[in-house]
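Just so we're clear, the structure is a prediction, and the values are computed from it rather than from any experiment. The chains referred to below are lettered A, B, ... by the order of the sequence lines, with proteins before strands, and numbering in each begins at 1.
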Amino acid sequence: MNVFQHIRTHLFEQIEILSNEGNGKKKPDLSSIRVEAPRNSSHGDLTTNAAMILAKQTNTNPVDLARVLSERLALLDDVALSEVAGPGFVNLRLTSEYWRSQLSTLLLAGSSYGESTLGEGLSINVEYVSANPTGPLHIGHGRGAVVGDVIANMLEKMGYRVTREYYINDSGVQIEALARSVFVRYQQAMGIEVSVLPDGFYPGEYLVPVGQQLANSEGDRWLLAPDVDWLDQFAAAGCKAMMTLIKNDLNDLGIRHNIFFSEKDVHQNGKTEETLSDLRLRGLIYEGVLDPPKGIKLEDWEPRPQTLFRATKFGDDLDRPLKKSNGDWTYFAADIAYHRDKFERGFSKMIDVWGADHGGYVKRMVAAVDAISNGQANLDVRICQLVNVLKGGVAVKMSKRAGDFVTLREVIDQVGKDVVRYIMLTRRNDAPLDFDFAAVTEQSRDNPVFYVQYAHARGCSLLRRAIQVMPNMTINTHALSSSELDRLIEPEEIELMKILSFWPNVLESAALAKEPHRLTYYLHEVASAFHGIWSRGDKHASLRFIIANEPELSLARLALVKGVLTVISGGLSIIGVQPVEELK
RNA sequence: GCGCCCGUAGCUCAGUCGGAUAGAGCACAGGAUUCCUAAUCCUGGGGUCGCAGGUUCGAAUCCUGCCGGGCGCACCA
């Protein structure tokens with residue numbers, strides 16, 4: 001039980017007793033009562049607004065009520081000081097013994113510290129990346145990949161059964177363009193000059209080997225054939241090659257999806273038809289004409305009857321087309337069928353991680369999930385804003401048309417997977433992110449990964465050192481957790497224990513909010529507190545972690561170090577970053 | 001024109017479901033190393049939380065309207 005839950009439990013007990021004493025007409029509503037760390041630490045370790053909330057409900061004076069609560073909470077063993085402040089806050093300061101016991105808990109839990117059973121084994125589906133198989137991943141995909149992956153990791157730690165999924169858009173006009181682009185490369189491999197690539201073709205070099213391979217295996221049999229004869233085969237070859245490329249990139253970023261789901265299969269298995277006829281039966285599909293969008297010009301707009309989904313019934317702004325004018329299903333139609341398939345596979349909780357350019361698509365998909373599940377399923381879409389690539393502060397121009405975007409591959413090769421993953425979480429996902437190549441390549445202090453890694457390396461170095469300095473000492477989990485933790489009396493040490501004991505709460509709230517960036521901010525805080533204590537040893541030798549003639553004190557301080565290492569390495573592993581034991 | 005996201009220190013950004021005196025990094029100025037890793041630490045200046053109203057014990061946070069920026073806007077994905 002984390003510190004907040006612990007105090008909340010006691011608080012609610014007291015409220016219950018009070019409510020009964022007041023021959024309580026009705027149960028108080030506890031839902032907006034918070035137990036949290038106050039922003040200003042002079043207000044104590046924990047604070048609660050309970051008195052103000054309850055005072056409102058019972059029409060009493062919040063300060064009086066706070067006083068009563070405060071007196072009762074003061075009686076708890078773990079509470080050192082309880083006082084009323086401001087308009088009716090109850091501020092608590094917990095005992096040093098309590099924080100030490102939390103450190104001990106941490107050490108015994110080891111790498112499982114912070115895990116929870118909150119999810120109760122509920123299945124949850126996280127779909128992320130899902131980039132079109134028309135080329136390698138670029139750095140923007142990398143952001144979605146990391147965000148999705150870390151959300152999945154966090155939810156696993158919360159006790160959910162997580163399935164990581166990638167939806168392959170291997171159908172539609174973009175895939176046809178891919179097939180034609182591959183055909184050009186095939187022609188070139190057969191010695192035919194194709195000087196200018198037509199508009200809408202994929203110009204990247206990465207299709208050259210695909211064309212070459214087809215030239216080798218197929219010879220000239222398709223050179224003069226009509227496109228209908230080779231289109232499917234070339235599309236399939238292109239997709240397959242691109243997915244191999246993409247999976248390699250993801251693999252090197254430490255990402256492995258459980259399921260790759262093909263849009264083409266959705267269609268071929270009749271799932272689209274099935275889904276749409278289901279919706280049609282329920283009166284959610286009709287033939288209609290949409291108004292032209294206002295305020296922007298569409299050259300070729302004409303009123304046209306379309307097959308429309310009643311998305312407006314589920315909170316969208318417009319009803320949405322399911323069929324193109326050529327009779328093909330729209331992307332949306334397939335996507336509905338796909339999400340319905342997820343629902344049928346047992347997922348009532350779904351998370352999709354999309355790029356910023358799909359922001360306008362969120363409402364309709366949420367609406368569709370609502371519709372296909374009859375309100376039984378919930379889709380949460382996380383949008384990742386753009387990544388601006390900089391080199392030494394100067395923006396790198398990216399043009400997808402010209403094929404010269406910064407690939408994820410380049411970035412991984414240059415700065416490494418760990419740096420990429422960490423940097424991607426240094427901003428909220430819905431805010432744009434600057435990725436400065438120079439800063440993260442230099443391995444300078446501009447690189448936030450290093451700050452945290454350095455703290456970890458320093459801690460490891462201490463444990464190595466301790467073995468040399470005190471060879472007779474056993475230093476293992478048992479020895480550390482049962483060491484004389486009451487020797488830890490410095491305010492900074494208590495503060496650090498406090499920060500470490502917040503980890504389960506940080507992880508839980510980050511997981512539930514699906515905001516993985518909170519992890520990097522927290523780890524920075526841990527590292528900062530640790531670096532601070534370290535440096536005090538420069539001035540006062542008595543404050544160092546290892547003091548040769550004080551083995552018991554040293555062991556207690558090493559326990560704190562071990563706590564730092566456990567939390568940092570645990571946090572980094574959720575982020576997908578390998579903690580380093582030594583910096584070179 | 002409509003929808004979504006954003007606007008917080010010179011710069012880049014945190015800020016939990018509405019909490020008290022709004023925080024961090026960078027930059028800037030000064031200081032700390034014979035000693036556990038100075039890739040670190042300490043001290044300092046820095047703010048009309050875009051603007052204006054509203055809701056209430058209390059608003060950076062919620063509501064409305066404006067201003068500014070990003071993304072998107074039938075038959076692409």
[N] versus [M] - spacing of their [atom1] atoms, nearest Å:
| N | M | atom1 | result |
| --- | --- | --- | --- |
| C63(B) | C4(B) | P | 11 Å |
| C51(B) | U33(B) | P | 45 Å |
| C13(B) | A27(B) | C1' | 14 Å |
| G18(B) | C71(B) | P | 30 Å |

Just jot down the salt bridge (charged side-chain N to carboxylate O under 4.0 Å, His left out) partners of Arg382(A), sequence neighbours excluded, or say none.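 Residues passing salt bridge (charged side-chain N to carboxylate O under 4.0 Å, His left out) with Arg382(A): Asp380(A).
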
Starting at [atom1] of [X] and ending at [atom2] of [N], how long is that distance when rounded to a whole Å?
| X | N | atom1 | atom2 | value |
| --- | --- | --- | --- | --- |
| Arg518(A) | U16(B) | CZ | C1' | 5 Å |
| Ile33(A) | G19(B) | CD1 | P | 15 Å |
| Asp418(A) | A39(B) | CG | P | 21 Å |
| Asp64(A) | C57(B) | CG | C1' | 14 Å |
| Arg458(A) | A38(B) | CZ | C1' | 7 Å |
| Asn61(A) | G58(B) | CG | P | 15 Å |
| Phe450(A) | U37(B) | CZ | C1' | 13 Å |
| Met365(A) | C4(B) | CE | C1' | 17 Å |

Which part of the nucleic acid, if any, lies within contact of [X], taking any heavy atom under 4.0 Å across all strands shown: a base, the sugar-phosphate backbone alone, or nothing?
| X | result |
| --- | --- |
| Asp328(A) | nothing |
| Ser32(A) | nothing |
| Asp317(A) | sugar-phosphate |
| Leu583(A) | base |
| Lys539(A) | nothing |
| Glu525(A) | nothing |
| His43(A) | base |
| Asp430(A) | sugar-phosphate |
| Thr47(A) | base |

Ser535(A) side chain near C42(B) phosphate (N/O to OP1/OP2, under 4.0 Å): no

Given G15(B), is OP1 or OP2 found less than 4.0 Å from the side-chain N or O atoms of Arg428(A)?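 The answer is yes; a side-chain N or O of Arg428(A) sits under 4.0 Å from OP1 or OP2.
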
SB check [X] [Y] (cutoff 4.0 Å):
| X | Y | value |
| --- | --- | --- |
| Asp45(A) | Lys498(A) | yes |
| Asp352(A) | Lys342(A) | yes |
| Arg428(A) | Glu515(A) | no |

Which residues satisfy the side-chain contact (heavy atoms from CB on, under 4.5 Å) test with His524(A), sequence neighbours excluded? Tyr451(A)

Quick one: side-chain contact (heavy atoms from CB on, under 4.5 Å) partners of Lys313(A), sequence neighbours excluded?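 If we apply the side-chain contact (heavy atoms from CB on, under 4.5 Å) test to Lys313(A), skipping adjacent residues, the hits are Leu284(A), Arg310(A).
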
Pick the closest RNA chain B nucleotide for Pro87(A) and for Thr426(A) by heavy atoms, then say which residue is nearer the 5' end.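 This one resolves to Thr426(A).
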
Let me know, please, whether His517(A) or Phe545(A) comes out on the 5' side of the other along RNA chain B by nearest nucleotide.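 First, find each residue's nearest nucleotide; the 5'-ward one identifies His517(A).
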
For nucleotides 49-51 of chain B, print each protein N/O atom paired with a nucleotide N/O atom at under 3.5 Å, atom names and distance only.
none

For nucleotides 68-77 of chain B, just jot down a letter per nucleotide in 5' to 3' order: B, S or -, based on protein non-hydrogen atoms under 4.0 Å. ---SSBBBBB

Trp534(A) side-chain proximity, nearest of C57(B), A20(B), A38(B):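 Side chain of Trp534(A) sits closest to A38(B).
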
Which of these nucleotides, C41(B), A20(B), A39(B), is closest to any side-chain atom of Tyr454(A)?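 Among the listed nucleotides, the one closest to the side chain of Tyr454(A) is A39(B).
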
Out of the candidates Glu550(A), Glu552(A), Glu493(A), only one should pair with Arg487(A) under the salt bridge (charged side-chain N to carboxylate O under 4.0 Å, His left out) rule; please name it. Glu550(A)

Is there a donor-acceptor contact under 3.5 Å linking the side chains of Glu165(A) and Tyr338(A)? yes

Quick test of the criterion, 5.5 Å between centres and less than 30° between planes. Is Tyr521(A) stacked on A14(B) or not?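 It does not: the two rings, one from Tyr521(A) and one from A14(B), miss the stacking criterion.
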
Is the Phe309(A) ring parallel, tilted or perpendicular to the Phe314(A) ring (thresholds 30°, 60°)? parallel

I'd like to know if the side chain of Gln306(A) reaches the main chain of Glu287(A), judged simply by a donor and an acceptor atom lying under 3.5 Å from each other, with no hydrogens or angles considered.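 It does not hold such a pair.
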
Dot-bracket line, read 5' to 3' along RNA chain B, where crossing pairs take [ ] and | marks a partner on another strand, Watson-Crick or G-U under 3.5 Å: (((((((..((((.....[...)))).(((((.......))))).....(((((..]....))))))))))))....

